Amino acid sequence: MTVYIEQIAAHEGQEVTIRGWLHNRRSSGKIHFLTVRDGTGFIQAVMSKSGVSPETFQQADHLSQESSIVLTGTARADTRAPGGFEIDVTALDVVAPAHDYPVTPKEHGVDYLMDRRHLWIRTERQNAILRIRHEIVNAIRDFFNDRGFILADTPIFTPAACEGTTTLFSVQYFEDATAYLTQSGQLYNEANAMALGRVYCFGPTFRAEKSKTRRHLTEFWMVEPEMAYATLDDVITLGEALVTFVVGRALDRRARELRVLERETKNLEQVQTPFPRLSYDEAAKILKEKGLPFEWGGDFGGTDETVLSEQFDRPVAVHRYPSAIKAFYMKPDPDRPELSLSVDILAPEGYGEIIGGGQRLDNYELLLERIKAHNLPQDAFEWYLDLRRYGSVPHAGFGMGVERVVAWICGLEHVRETIPYPRMLYRLYP
RNA sequence: UCCUCAGUAGCUCAAUGGCAGAGCAUCCGGCUGUUAACCGGAGGGUUGUAGGUUCGAGUCCUACCUGAGGAGCCA
């Protein structure tokens, strides 16, 4: 019976067939140990000289790493096996050999591995990360779907800059026009929320910033919810519920993968609502007290974010940033107009900003003023102004960067390992 | 774009300005419980590129190329 390795426990004592690849091989002359992987897991197959034909035993002796193989044998529980089970091999079929496989079980440098990313993802560690990413993406979709949000995807080709701040990738759009790859579904989300109430978009996002840090990719995935008739408070509550749900799902369903990564889960288990909420003013005060060279009015740098998040055992919501350092569409705080009704949620352990959002400017005159002040082309924003012309309501939303969440939950040094093929400043291959 | 660091065998790395080395991988041999198995042997080099200093450069100097980390900007 053909089975997947992840289901092996249900077949103890039975004869099973595994279809996969040879991950590693050890031998003691008259006994071979073949570590096989099939995409669902890794298992050690034991082949003794007395258990198979001489030809099969000889063949296994020369089997190279990553050769594709189909093997049959008896599933047996064994306390010595990392997964709890082994297979006593009775038959082996080599589908295709692999010669001089470059990603050996030994150490390799980052550049070497990145050039071979298409092979690197076969390793147990990368496998675990991508499985956790899958779980996180699924959890995000379930979270919004279960709460009545409608998935309404926003365009990837856009006619103009959404926020006017970051550098965009441009592409030739047929003969005459230039299109830009989206940096946020935000503005379209607002229109969708006016049509559907509560919506979210979930897709790739592109930033042509020449950022060269462990927290940046040029192409990354972002989920952006937007709600009509919602306030800053509503999005903070939604954000902390989302983060808590996603972390809980990863702990619940991907414990094995987190163990592979040797992730300390104690910190993740503390992620429960409510999150501490800190005004920008209070955050600035903390940074001053810690002796950092931070001036009120500026945005937080990487070090600032790390210091702030270290004050708490769970993510922290920092709200009401100065309007001057936030996007033009942020609504001013009625009590203090120099502040915006904005929020960033910072992950613990120095992983930085994972959520950014707030309440949107819903007043026509003020929005028009802001568009002009930011030197944005008004005609490109006429449709966006329409949302304030025809039944404007308070509304709010945020964006959450998937790769940063995955890096945090997995405890990774760099976001480049959280996506199968990362796109970075100097990385477009493979 | 700026700052810092790195580039030597297929991979990971050594080598005081003085003979180009090790482990792993590969190939050959040994081993019936290995977990990155181990033991013995063999093959494997335009020291990123181009100049310069020196009796002599992997090593020092200059420029360039490639990459990494960080800054700015952001999720």
Side-chain angles (χ1 to χ4, degrees), chain A residues 23-35 42-51 57 61-62 64-66 76 78-83 86 88 98-116 123-125 162-163 165-168 182-186 204-224 239 243 298-306 321 325-327 343-347 351-357 398-408 413-416 418-419 424-427:
Chain A
H23 183 249
N24 197 10
R25 178 175 55 84
R26 292 173 289 275
S27 178
S28 293
K30 294 194 177 68
I31 182 168
H32 297 315
F33 299 98
L34 310 174
T35 307
F42 293 74
I43 194 167
Q44 177 164 277
V46 185
M47 181 190 287
S48 57
K49 198 165 187 174
S50 54
F57 194 80
D61 198 25
H62 293 276
S64 53
Q65 189 192 354
E66 285 304 318
R76 170 175 49 77
D78 193 314
T79 51
R80 290 169 294 191
E86 290 189 344
D88 290 322
H99 297 296
D100 296 325
Y101 187 72
V103 184
T104 65
K106 297 290 177 180
E107 292 167 16
H108 299 288
V110 171
D111 190 42
Y112 181 87
L113 289 169
M114 275 298 170
D115 279 338
R116 294 157 185 80
T123 62
E124 189 171 27
R125 188 179 159 79
C162 281
E163 305 185 9
T165 49
T166 50
T167 316
L168 305 186
T182 181
Q183 61 172 318
S184 167
Q186 151 78 43
T205 305
F206 308 88
R207 304 263 167 103
E209 293 290 341
K210 295 195 170 180
S211 298
K212 202 169 148 26
T213 82
R214 66 186 67 196
R215 302 185 304 279
H216 288 88
L217 298 173
T218 55
E219 175 184 314
F220 63 97
W221 284 66
M222 187 156 68
V223 59
E224 296 175 273
V243 171
D299 208 349
F300 302 129
T303 315
D304 301 323
E305 286 184 351
T306 303
Y321 287 71
I325 56 169
K326 285 292 177 185
V343 61
D344 284 357
I345 293 183
L346 309 178
Y351 281 94
E353 184 185 344
I354 50 173
I355 280 180
F398 63 78
M400 182 171 83
V402 169
E403 286 73 19
R404 286 191 184 174
V405 172
V406 175
W408 164 47
E413 283 293 307
H414 200 300
V415 292
R416 65 187 161 214
T418 63
I419 187 167
M424 294 176 287
L425 184 50
Y426 299 119
R427 174 64 58 188

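Proteins get letters first, then strands, A, B, ... in listed order; numbering begins at 1 in each. As the structure is a prediction and not an experimental result, all values here were calculated from the model. Because only heavy atoms are used, hydrogens play no part in the values below, and waters and symmetry mates are left out as well, while side chains stay in.
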Visitor: Which value, in whole Å, describes the distance between the P atoms of nucleotides B:G72 and B:U16?
Guide: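 Those two atoms are separated by 39 Å.
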Visitor: Is the shortest distance from a Lys or Arg side-chain nitrogen in A:Lys49 or A:Asp61 to a carboxylate oxygen in the other one below 4.0 Å?
Guide: no
Visitor: Does the side-chain ring of A:Phe220 lie flat on the base of B:A75, meaning centres under 5.5 Å and planes less than 30 degrees apart?
Guide: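 Given the distance and angle limits, yes, they stack.
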Visitor: Mark yes or no for a side-chain to base donor-acceptor pair under 3.5 Å between A:Glu86 and B:G33, with no hydrogen or angle criteria applied.
Guide: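 Side chain to base: pair present.
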Visitor: Record whether the side chain of A:Arg404 comes under 3.5 Å of the base of B:C74 through a donor-acceptor pair of N or O atoms.
Guide: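 Counting by modelled atom types and ignoring angles, a donor-acceptor contact under 3.5 Å is found here.
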Visitor: Can you find an N or O donor on one side and an acceptor on the other, under 3.5 Å apart, linking the side chain of A:Thr104 with the base of B:C24?
Guide: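 No, no donor-acceptor pair under 3.5 Å.
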Visitor: What distance, rounded to whole Å, do you find between the two C1' atoms, one in B:C55 and one in B:A63?
Guide: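 One C1' to the other, the span is 27 Å.
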Visitor: Quote, to the nearest angstrom, the P distance that separates B:G67 from B:U8.
Guide: 15 Å
Visitor: Report the nucleotide, chosen from B:G10, B:C73, B:U34, that has the shortest atom-to-atom distance to any side-chain atom of A:His216.
Guide: B:C73
Visitor: Could you check how far CG of A:Leu425 sits from C1' of B:G72, rounded to whole Å?
Guide: 13 Å
Visitor: Determine the Euclidean distance between corresponding P atoms of B:A50 and B:U66; express it in Å to zero decimal places.
Guide: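 Between the two P atoms, the distance is 16 Å.
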Visitor: Say you pick atom C1' in B:A22 and the same atom in B:U54; how far apart are they, in whole Å?
Guide: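 Comparing C1' positions in B:A22 and B:U54 gives a spacing of 30 Å.
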Visitor: Can you check the distance between B:A9 and B:U1, where both ends of the measurement are the C1' atom (answer in whole Å)?
Guide: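 Taking atom C1' in both B:A9 and B:U1, they lie 37 Å apart.
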Visitor: Regarding A:Arg116 and A:Asp111, does a basic nitrogen lie under 4.0 Å from an acidic carboxylate oxygen?
Guide: no
